[in-house]
Amino acid sequence: MSISRRRLLLAGAAGIFARPTGRAGTAAPKLIELSPRPADLEMPVEELIDQITPTDSFFVRCHTYTPEVKLADWKLTIDGLVEKPRSFTLADLKKLPRTELEGVLECAGNGRSFYEPHMSGAQWRFGGVGNARWAGVRLRDVLREVGLKPEATQLRLDGADVPLGKMPDFQRTLAVSKGLDADTLLAWEMNGQPLTPEHGFPLRVVAPGWAGDSWVKWLQHIEVIDHEFEGFWMKTAYRHPSHPVAPGATVDAKDMIPVTDLNVKSVIAAPGEWAKPGLVAVQGVAWSNGSAIAKVELSDDAGKTWRTAKLTGSATKYGFRPWSYGWKATEGQHTLISRATDAAGRTQPMQEEWNPSGYLWNVAQPKSVLISAQAPTAAAASNAAGVSVPEAYKAACMSCHDDHMMRQQRLTRAQWEKEIDKMTGWGADVKAADRPAIVDYLAGQFKP
Ligand SMILES: Nc1nc2c(c(=O)[nH]1)N[C@H]1C(S)=C(S)[C@@H](COP(=O)(O)O)O[C@H]1N2
Ligand SMILES: [Mo]
């Protein structure tokens, strides 16, 4: 039994529903807490302006609690279909040639909150993405030390994090071809410093051009196998349709393929919702899947006409490309849209390509900006009437996580029923008698 499972049961038995204590203060003040624990922290959109994202502004995505790995106890074991299975300490890995690269790490779910119809999951807006300088060794140099057998096709990657309840362990497989790519790293450094606990200390996978789910943190075991891995995080999660589907459609499992490459994308970081008339710097960043950004265009008339923005910073294969445009802004409400194109000729779509889990959002997104000499007065904050929170809900749900995760959802009753089924499957203690009250509360408070 894992520690967190035991903690969970003890908490339940004792009737204590406070969150388990652990490493405090994981949230950097600048980040938006989608979920404090497990940590899902988003960078505010206005910070998507610099080429390199400072580590303390960098988004965090954890499926379970951040493990505290002690370097003295840690090693990376590689076994399975290899000639010489062995374990490496960090000092062993540091004897191999050091490699550095700049690369965008983006959660596959970044932008999920914009999809219509909505789906469950962390409701990322813009900031589930960052660009860092990563340093470590090439995964292929490490694999050369153990010698892959000819039948090897997949690398099963496992980190030191332990699942909550009966939730499946977060394990991913990477195709051997991606593992042997010269740009796939095992990194111990982020922006010139050792990895922080949240970002995977002491070692993580860097799979540039691919979505974050392949960038396994706290890496401690690689098993080399010869088949597609059956685990939940490969077979069910992180899959999207191989062809366009209608919004809201149910997609047959056989038509779902794993998420790999990122989409071409740009974001407007500045101005915010209001600016004074005159010359306004419209700024942001753009990125793609390993193809340099070729151009960023800007429209100030909701997409009727486009002007070319200036690419600033420096061109890299996998990093952010900052851009800016000097906009002569006149009084009124305007709709800005930025649209990036990469060197491979891919351009951001104007319409969403819906998929059931809400992955890889990259629509060229309208942003409404008020240009006026006076700042608008803040709209009165809308406050929900004081609905009391059922005790059964606190007991069943909040023994593992805060309710931030529920508060950000906008789901139908049927979708909430499915969420509760999933959670009880993962060990949440929802008593049959309590279930209606929990569903009523969720469906009443957090609806589309
Ligand atoms: N072991 C482990 N690795 C993991 C995760 C996790 O929960 N456990 N989350 C993944 C996901 S979904 C993303 S988007 C990235 C986020 O990396 P970051 O927290 O450093 O930004 O880590 C990936 N690696
Ligand atoms: Mo992710």
Side-chain angles (χ1 to χ4, degrees), residues 2 4 26-28 30-43 47 53-69 74 76 103-113 121-124 127-134 136 155-164 167-174 184-191 193-222 231-234 236-240 258-260 262 357-361 400-401 405:
S2 67
S4 43
T26 48
K30 280 184 196 161
L31 293 165
I32 303 162
E33 293 188 328
L34 299 185
S35 163
R37 224 174 117 72
D40 289 330
L41 314 174
E42 163 161 355
M43 182 165 75
E47 292 204 39
T53 311
T55 304
D56 64 358
S57 297
F58 208 100
F59 87 100
V60 176
R61 170 63 171 132
C62 297
H63 289 91
T64 175
Y65 305 147
T66 299
E68 269 181 83
V69 180
W74 177 89
L76 169 68
V104 169
L105 166 55
E106 181 178 22
C107 181
N110 193 28
R112 174 178 292 130
S113 62
Q123 298 297 302
W124 300 99
V129 62
N131 181 40
R133 195 151 183 91
W134 309 96
L155 308 170
R156 185 175 63 80
L157 309 168
D158 194 10
D161 46 344
V162 287
L164 288 163
M167 169 192 198
D169 193 13
F170 184 81
Q171 295 183 8
R172 297 276 307 164
T173 48
L174 198 65
T184 300
L185 309 185
L186 299 183
W188 54 78
E189 237 178 71
M190 177 180 187
N191 294 333
Q193 296 294 323
L195 289 171
T196 61
E198 295 74 29
H199 294 296
F201 178 86
L203 192 74
R204 81 175 304 163
V205 174
V206 167
W210 282 23
D213 41 284
S214 289
W215 298 49
V216 174
K217 301 193 271 192
W218 315 292
L219 184 69
Q220 58 179 12
H221 185 195
I222 301 178
F232 174 85
W233 301 102
M234 288 305 296
T236 307
Y238 299 115
R239 295 178 88 88
H240 59 168
V259 165
T260 56
L262 294 177
S357 299
Y359 292 135
L360 301 175
W361 170 267
C400 279
H401 52 76
M405 190 48 90

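Counting starts at 1 for both ligands and their atoms, following the listed order. Small disclaimer: the values here were computed from a predicted structure and weren't measured. We count residues from 1, following the sequence as given.
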>> Centroid separation under 6.0 Å, is that true for the rings of F170 and H63?
In response: yes

> Under 4.0 Å from ligand 1, counting heavy atoms only, is it the side chain of W215, its backbone, both or neither?
Replying inline: backbone

>> Heavy-atom distances under 4.0 Å decide this one: backbone, side chain, both or neither, for T64 against ligand 1?
In response: neither

> Taking side chain as C-beta onward, heavy atoms only, is T53 less than 4.5 Å from F59?
Replying inline: no

> G200: heavy atom below 4.0 Å from ligand 1, yes or no?
Replying inline: no

> Among protein heavy atoms, which sits nearest to atom 9 (N) of ligand 1, and what does the distance come to when rounded to 0.1 Å?
Replying inline: R61 O, 3.3 Å

>> Using a 4.0 Å heavy-atom cut-off, which part of Y238 comes near ligand 1: side chain, backbone, both, or neither?
In response: side chain

> What do we get for F59 next to ligand 1 when only non-hydrogen atoms under 4.0 Å count, side chain, backbone, both or neither?
Replying inline: both

> Where on C107 is there a heavy atom closer than 4.0 Å to ligand 1, on the side chain, on the backbone, on both, or on neither?
Replying inline: both

> Is the closest basic N to carboxylate O distance between D213 and R172 below 4.0 Å?
Replying inline: yes

> Can you find a heavy atom in the side chain of C62 that is under 4.5 Å from one in the side chain of K217?
Replying inline: yes

> In the protein, what heavy atom is nearest to atom 4 (C) of ligand 1, and what distance, to one decimal place, separates them?
Replying inline: F170 CE2, 3.5 Å

> Between R204 and ligand 1, which part of the residue brings a heavy atom under 4.0 Å of the ligand: side chain, backbone, both or neither?
Replying inline: side chain

> Identify the closest protein heavy atom to atom 1 (N) of ligand 1: which residue and atom is it, and at what distance?
Replying inline: D161 OD1, 3.0 Å

